[in-house]
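Note that the numbering runs from 1 along the sequence shown for the chain.
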Amino acid sequence: MTVMTETAHGPWSATTRFRHDGTATVGNVSLMEIVHRFGTPLYVIDETDVRLRARAYRAALPSAEIAYAAKAFLCRAMASWLSSEGLSLDVCSAGELAVARSVGFPASKIIFHGNAKTPHELHLAVEQRVGRIVVDSVDEIHRLAALVPAGYRQKVLIRVIPDIEAGESAAVRTGGENQKFGLSVATGGAGDAVSRVLRQPRLQLVGLHCHLGSQITSVEPFERAARAMIEHLAGVWKTHGVALPQLDLGGGHGIAYRPGDSRLNLDAFAARVTDAVEERAAGLGLPVPRLTIEPGRAIAGTAGVTLYRVISVKKGLGHTYVAVDGGMSDNPRPALYGSRYEVKLIGRASHEGDREVTVVGHHCEAGDVIAEDVPLPADLHPGDVLAVAATGAYHHSMASTYNLTCRPPVVAVGQSKARLVVRRESLEDLTRRDVGL
């Protein structure tokens with residue numbers, strides 16, 4: 001008898017497949033086999049999916065620079081994949097820089113971000129000769145200029161507040177006046193920064209930068225930002241006679257976390273934003289700058305799946321709670337943003353109908369919820385394995401050791417093989433940093 005296969009759609013990676021007998025695979029590798037080898041909880045990353053999405057961005061925007069936002073998810077393997085795909089890298093800490101450089105990621109293709117870079121981070125960025133540093137305050141300009149050695153000019157971008165906000169929640173909207181990022185045009189801060197950088201002989205201003213927010217699924221805010229930023233570039237040209245050659249529009253491109261969710265249409269984004277830049281530049285008599293786009297979640301998010309083992313099933317007055325061996329320490333997004341997820345039972349078939357359950361973690365915290373009111377088989381029991389979709393971005397990177405819980409490993413699947421790329425944290429790791437009384 002032929003076993004029917006379901007091709008995964010929506011929030012699952014390009015190579016994820018589900019069979020009606022309960023078998024689930026990523027890249028032709030059984031997820032249950034991965035569970036048996038590496039235990040639970042664990043993150044699985046589909047290398048093929050990452051590469052396909054990187055290539056999709058390069059194809060949609062062939063004249064633009066695609067700089068992956070490392071904060072979404074970074075490890076040495078990920079940095080190597082992105083480098084081989086020809087992407088640049090956007091980092092925002094000394095740690096992200098160190099990981100990238102440890103695998104030979106070209107420093108010239110690294111952009112260093114951060115609203116409050118420490119003196120040590122600025123020193124490392126200059127020492128490593130990163131391609132560009134994004135200036136986020138006037139104080140940073142003088143601090144940075146003092147670190148640049150004689151005979152060298154550090155390329156910089158200035159982060160400007162476009163006063164356009166977008167994103168799934170207020171916590172991730174970064175394009176407005178009332179938050180910590182960027183320099184205000186309205187107060188004159190952005191203009192002052194431009195003047196100060198242009199007066200620094202060891203700094204080279206190459207462009208402007210903005211970032212609207214995260215998990216944005218509509219093209220319209222990006223179009224407005226593109227037009228606004230071209231006007232700011234025209235203002236620099238008019239005031240200083242300098243046509244800056246680069247415009248970085250940041251990232252924040254949204255993905256689907258559940259079937260039916262909206263996601264940013266890449267082709268529409270590429271066409272409409274490119275047209276907006278070219279038309280506005282032509283209207284102002286400005287040379288068209290080269291675009292930089294910084295997708296993070298849109299490349300890593302759908303590539304990830306998290307696997308958990310069911311610990312208990314508890315029926316309450318209003319909810320049935322399915323507790324698993326992970327939780328908010330490996331996925332804080334539901335607690336932070338109210339995020340929702342698609343969850344599937346894998347490893348066995350069920351002939352029972354679905355019932356709504358709430359999947360919760362093992363932490364001593366009422367807010368430790370992974371997925372609320374999701375349909376799962378009524379015969380779910382301890383020992384079952386659950387797969388949670390679209391966990392490649394802001395899961396491993398935001399993981400903690402809350403309740404002194406060891407962080408899960410990362411297993412990459414590529415070329416029909418699974419391999420460990422980040423090992424599981426051990427109890428010895430937790431105690432090693434504790435130097436005692």
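The backbone N or O of Thr187 sits less than 3.5 Å from a side-chain atom of Ser184, completing a donor-acceptor pair. No donor-acceptor pair under 3.5 Å is formed between the side chain of Asn403 and the backbone N or O of Thr405. One N or O on the side chain of Arg263 and one on the backbone of Gly10 form a donor-acceptor pair closer than 3.5 Å. In this structure, Ser195 contributes its side chain and Gly191 its backbone to a donor-acceptor pair below 3.5 Å. Under the 3.5 Å distance criterion, the side-chain polar atoms of Tyr57 are left unmatched by any main-chain donor or acceptor of Leu87. Side chain of Asp136 to backbone of Gly182: a donor-acceptor contact under 3.5 angstrom is found. Between the Asp368 side chain and the His363 main chain, a donor and an acceptor come within less than 3.5 Å of each other. Glu121 places a side-chain N or O within 3.5 Å of a backbone atom of Ala94 that can act as its donor or acceptor partner. Under a 3.5 Å cut-off, the side chain of Thr391 and the backbone N or O of Thr306 do form a donor-acceptor pair. The main-chain N or O of Cys92 is found under 3.5 Å from a side-chain atom of Glu96 such that the two form a donor-acceptor pair.
Side-chain contact between Val29 and Ile34: present, with at least one pair of heavy atoms (C-beta onward) separated by less than 4.5 Å. Within the 4.5 Å cutoff, the side chain of Ser137 has no heavy atoms near those of the Asn115 side chain. In this structure, the side chains of Gln128 and Leu97 come closer than 4.5 Å at one or more pairs of heavy atoms. Looking at heavy atoms from C-beta onward, Val360 lies out of side-chain contact with Val324 at the 4.5 angstrom threshold. For the pair Thr48/Trp81, no side-chain contact is recorded, criterion being any heavy-atom separation below 4.5 Å from C-beta on. A heavy-atom distance below 4.5 Å is found between the side chains of Phe269 and Leu61. Side-chain atoms of Tyr308 and Ile370, non-hydrogen and from C-beta on, do get closer than 4.5 Å to each other.
With sequence neighbours excluded, the residues that form a ring-ring contact (aromatic ring centres under 6.0 Å, His included) with Tyr341 are Tyr257, His395. Partners of Asp192 according to the side-chain hydrogen bond (donor to acceptor under 3.5 Å, both in side chains) rule, which considers only residues two or more places apart in sequence or in another chain, are Arg196. Residues passing the side-chain hydrogen bond (donor to acceptor under 3.5 Å, both in side chains) test with Thr40, sequence neighbours excluded: Asp325. Glu33 pairs by the salt bridge (Lys or Arg N to Asp or Glu O under 4.0 Å) definition with nothing, not counting sequence neighbours. In terms of the side-chain hydrogen bond (donor to acceptor under 3.5 Å, both in side chains) criterion, His362 has no residue partners (sequence neighbours excluded). For Arg199, there are no salt bridge (Lys or Arg N to Asp or Glu O under 4.0 Å) partners, not counting sequence neighbours. For His319, the ring-ring contact (aromatic ring centres under 6.0 Å, His included) test picks out Tyr321, with sequence neighbours left out. Checked against side-chain hydrogen bond (donor to acceptor under 3.5 Å, both in side chains), Arg37 has no partners two or more places apart in sequence or in another chain.
Geometrically, Arg202 does not engage Tyr152 in a cation-pi contact, judged by NZ or CZ lying under 6.0 Å from the ring centre and within 45° of the ring axis.
In terms of heavy-atom proximity, Ala390 sits nearest to Ala256 at CB-O, 3.9 Å.
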Stepwise, does the side chain to side chain contact (heavy atoms under 4.5 Å, CB included) test hold for Val322 with Thr358?
CA-CA 6 Å; Val322 175; Thr358 295; over 6 Å; no
Working note: Val50 + Leu52, criterion side chain to side chain contact (heavy atoms under 4.5 Å, CB included); need CA distance, chi angles, decisive distance, verdict.
CA-CA 6 Å; Val50 169; Leu52 287 174; over 6 Å; no
In sequence, state the C-alpha distance, the side-chain angles, and the governing distance for Thr401 and Arg433, and then conclude on side chain to side chain contact (heavy atoms under 4.5 Å, CB included).
CA-CA 13 Å; Thr401 57; Arg433 293 177 60 242; over 6 Å; no
Take Arg333 and Met328 through the side chain to side chain contact (heavy atoms under 4.5 Å, CB included) test and state the conclusion after the steps.
CA-CA 8 Å; Arg333 294 188 68 253; Met328 65 191 302; over 6 Å; no
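In summary, Glu231 and Arg280 engage in a salt bridge, as defined by a charged side-chain N under 4.0 Å from a carboxylate O. Arg258 has no carboxylate O lying under 4.0 Å from a charged side-chain N of Glu342, or vice versa, which leaves the two without a salt bridge. Under 4.0 Å is where a charged nitrogen must lie from a carboxylate oxygen, and between Asp275 and Arg272 no such pair does. A salt bridge between Arg53 and Asp49 is present, with a side-chain N of the basic residue lying under 4.0 Å from a carboxylate O of the acidic one.
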Anything under 3.5 Å between a donor and an acceptor, one on a side chain of residues 62-79, the other on a protein residue two or more places apart or in another chain? List them.
{"residue": "Glu65", "atom": "OE1", "partner": "Arg132", "partner atom": "NH1", "Å": "2.9"}
{"residue": "Glu65", "atom": "OE1", "partner": "Arg132", "partner atom": "NH2", "Å": "3.4"}
{"residue": "Glu65", "atom": "OE1", "partner": "Thr292", "partner atom": "OG1", "Å": "2.6"}
{"residue": "Glu65", "atom": "OE2", "partner": "Ser88", "partner atom": "OG", "Å": "2.7"}
{"residue": "Glu65", "atom": "OE2", "partner": "Arg132", "partner atom": "NH2", "Å": "2.7"}
{"residue": "Tyr68", "atom": "OH", "partner": "Phe73", "partner atom": "N", "Å": "3.2"}
{"residue": "Tyr68", "atom": "OH", "partner": "Phe73", "partner atom": "O", "Å": "2.7"}
{"residue": "Arg76", "atom": "NE", "partner": "Ser102", "partner atom": "OG", "Å": "3.1"}

Enumerate donor-acceptor pairs with a distance under 3.5 Å from any side-chain N or O in residues 407-420 to protein atoms, sequence neighbours excluded.
{"residue": "Arg407", "atom": "NE", "partner": "Glu425", "partner atom": "OE1", "Å": "2.9"}
{"residue": "Arg407", "atom": "NH2", "partner": "Glu425", "partner atom": "OE2", "Å": "2.8"}

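Rounding to the nearest 0.5 Å places CG of Asn331 at 11.0 Å from OG of Ser400. In this structure, the separation between CG on Asp248 and NE2 on His113 is 5.5 Å, given to the nearest 0.5 Å. Atom CD1 of Ile110 and atom CG of Leu89 lie 5.5 Å apart (nearest 0.5 Å). Between the OH atom in Tyr394 and the CZ atom in Arg297 there is a gap of 5.5 Å [rounded to 0.5 Å]. Within the model, atoms NE2 of His240 and CG of Leu205 stand 9.0 Å from one another, a figure rounded to the nearest 0.5 Å. Between Lys238 atom NZ and Leu233 atom CG the span is 15.0 Å, to the nearest 0.5 Å.
In the model, Ser83 has no side-chain atom that pairs as donor or acceptor with a side-chain atom of Ser80 under 3.5 Å.
Centroid-to-centroid, the aromatic rings of Phe181 and His209 stay 6.0 Å apart or farther.
Screening residues 394-405 for salt bridge (charged side-chain N to carboxylate O under 4.0 Å, His left out) gives no qualifying pairs among residues at least two apart or on separate chains. The stretch residues 101-118 participates, sequence neighbours left out, in these salt bridge (charged side-chain N to carboxylate O under 4.0 Å, His left out) pairs: Lys117-Glu140.
Considering Ile133, Leu147, Leu122 as possible partners of Gln154, the one that fulfils the side-chain contact (heavy atoms from CB on, under 4.5 Å) test is Ile133.
Ring pair His253/Phe222 is perpendicular by interplanar angle, where above 60° counts as perpendicular and below 30° as parallel.
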